[in-house]
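Let me begin by presenting the structure, written as structure tokens, before commenting on it.
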Amino acid sequence: MRAKRVTTNAKDQREDRKPSAAWLRQRLRWWYRTHRRMFRWRTEPRDPYIVLVAEVMLQQTQVWRVEPALERFLKRFPTIEHLARAARRDVLVAWQGLGYNRRAVYLHECARAIVARFGGVIPADLAQLRMLPGIGDYTARAIAAFAYGKDVAVVDVNIQRVLSRVFYPLQSQAEQLPIGKVRRIAEQLLPRGGGRWWNEALMDLGSLVCTKRSPRCSECPLRRRCSSAGLLLPAEQQAKEEPCYRNVPRRLWRGRLVELLRQRSSCTLAEIAELLFGSAAADDVAWLRNLADQMASDGVVCRDGERLELPP
DNA sequence: TACGCGTGGAA
DNA sequence: TTTCCAAGCGT
């Protein structure tokens with residue numbers, strides 16, 4: 001008769017499930033061979049410019065939305081030199097449908113900085129990448145690993161979620177370990193020479209299987225050693241309030257304003273207030289002027305007196 | 001550190 | 001219909 005394992009508490013029992021790095025690498029490499037996703041930014045040989053544009057587009061944005069936008073964008077701006085030379089307005093027009101229009105401004109300035117400072121060669125060095133506008137910790141690591149095959153641990157929200165769940169027993173689908181803790185784990189796990197495939201595999205697993213809501217644990221290659229397999233329950237939602245005007249969140253007004261200026265070359269504040277609010281009352285124009293000024297400081301619009309347009 | 005920043009399909 | 005969410009970044 002087999003003696004029952006003696007455990008002091010439930011947590012210790014879960015700790016036993018933690019997989020070794022070797023096991024994880026073997027399982028994930030096997031899974032990745034048959035389940036990896038192919039994208040324009042993953043075609044070989046890797047083009048760092050395509051990786052850069054794609055990674056900026058992918059910030060907080062789903063793949064299905066980025067794929068067609070990236071094709072349009074690359075047709076319009078085939079090289080980093082084309083992008084650097086372009087008018088800001090054309091970059092914002094090409095950004096249509098992606099949202100977070102400030103990213104287009106950052107990407108444009110990023111391209112200009114790379115042409116000016118690095119002769120148009122996108123850096124492979126993390127510190128140099130981090131100094132560029134719109135390139136944060138994630139994107140710098142993504143470019144180093146995916147474009148140049150550097151052995152750096154990439155931690156996006158997908159990888160953070162996968163590693164959090166695998167190494168710690170989580171009961172809510174919303175829970176995850178702090179980013180710093182996850183990065184330490186990720187750096188320990190990263191196989192030599194695995195900068196590309198390992199990070200992509202973890203990311204694909206998080207996107208396809210270890211999803212935030214309704215994770216497909218039964219299809220997961222890591223389920224036998226995952227601390228959270230079978231534990232995850234839906235998170236209780238808690239919406240937070242956004243600053244609104246006329247019952248519409250401020251950033252929606254920002255989006256509508258940029259979209260309006262994509263269609264028309266130039267408008268007065270009063271015309272825009274009429275189009276957006278159906279009213280050009282003094283309060284509405286004043287509120288719009290304030291909005292436009294902040295957007296101008298973000299670089300997504302250009303205000304000349306009472307006229308508003310996309311920046312040249 | 002917490003907040004503001006777009007979009008539109010899915011739940 | 002409403003709510004939630006998706007390869008983050010800068011301030």
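Lettering of chains follows the sequences in order, A, B, ..., and the numbering in each one begins at 1.
Using a 4.0 Å heavy-atom criterion, one finds that A:Gly99 contacts the bases of the nucleic acid, with or without backbone contacts as well. Counting any heavy atom pair closer than 4.0 Å across all strands shown, A:Thr139 reaches sugar-phosphate atoms only and no base atom. Across all strands, A:Asp298 comes closer than 4.0 Å to no nucleic acid atom at all (heavy-atom distances). Backbone-only contact: A:Ile135 has heavy atoms under 4.0 Å from sugar-phosphate atoms and none from a base. At the heavy-atom level, A:Val66 lies nowhere under 4.0 Å from the strands shown.
Pairs of residues two or more places apart, or lying in two chains, that qualify as side chain to side chain donor-acceptor pair (under 3.5 Å) and include a residue from residues 207-221 of chain A are A:Arg37-A:Ser207. Listed by first then second residue, pairs satisfying side chain to side chain donor-acceptor pair (under 3.5 Å) with a partner in residues 136-146 of chain A read A:Glu55-A:Tyr138, A:Gln59-A:Thr139, A:Asp137-A:Arg141, A:Asp137-A:Arg183, not counting sequence neighbours.
Separating the CH2 atom of A:Trp95 from the C1' atom of B:dT7 is a distance of 13 Å, rounded to the nearest angstrom. One atom, CZ of A:Phe146, and another, C1' of C:dA7, lie 8 Å apart when rounded to the nearest Å. A:Leu132 has its CG atom 19 Å from the P atom of C:dG8, to the nearest Å. In this structure, A:Gln59 atom CD and C:dG8 atom P are separated by 8 Å, rounded to whole Å. Per the geometry, CG belonging to A:Leu257 stands 13 Å off P belonging to B:dC5, to the nearest Å. Here the P atom of nucleotide C:dA7 and the CG atom of A:Leu58 are 9 Å apart, to the nearest Å.
When side chains are defined from C-beta on, A:Ser279 counts as touching A:Arg246, because their heavy atoms get closer than 4.5 Å.
Ion pair A:Glu109/A:Arg88 flagged as a salt bridge, since at least one NZ, NE, NH1 or NH2 atom sits closer than 4.0 Å to an Asp/Glu carboxylate oxygen. Using a 4.0 Å cut-off between charged side-chain N and carboxylate O, A:Arg184 and A:Glu187 make no salt bridge.
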Extract from the structure each pairing of a protein N or O with an N or O of nucleotides 8-11 of chain B at less than 3.5 Å, listing the distance.
residue: B:dG8; atom: O4'; partner: A:Arg65; partner atom: NH1; Å: 3.2

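Contacts with DNA chain C (heavy atom under 4.0 Å) in residues 242-252 of chain A: none are found. Residues of residues 101-118 of chain A that place a heavy atom closer than 4.0 Å to DNA chain C, in numerical order, are A:Tyr106.
Looking at residues two or more places apart in sequence or on another chain, you find a side chain to side chain donor-acceptor pair (under 3.5 Å) between A:Asp298 and A:Arg254.
The P atoms of B:dA10 and C:dA7 are separated by 15 Å, rounded to the nearest whole Å.
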Item checked: Evaluation steps, side-chain contact (heavy atoms from CB on, under 4.5 Å), between A:Leu257 and A:Leu308 -> CA-CA 10 Å; A:Leu257 176 51; A:Leu308 221 53; 4.0 Å; yes
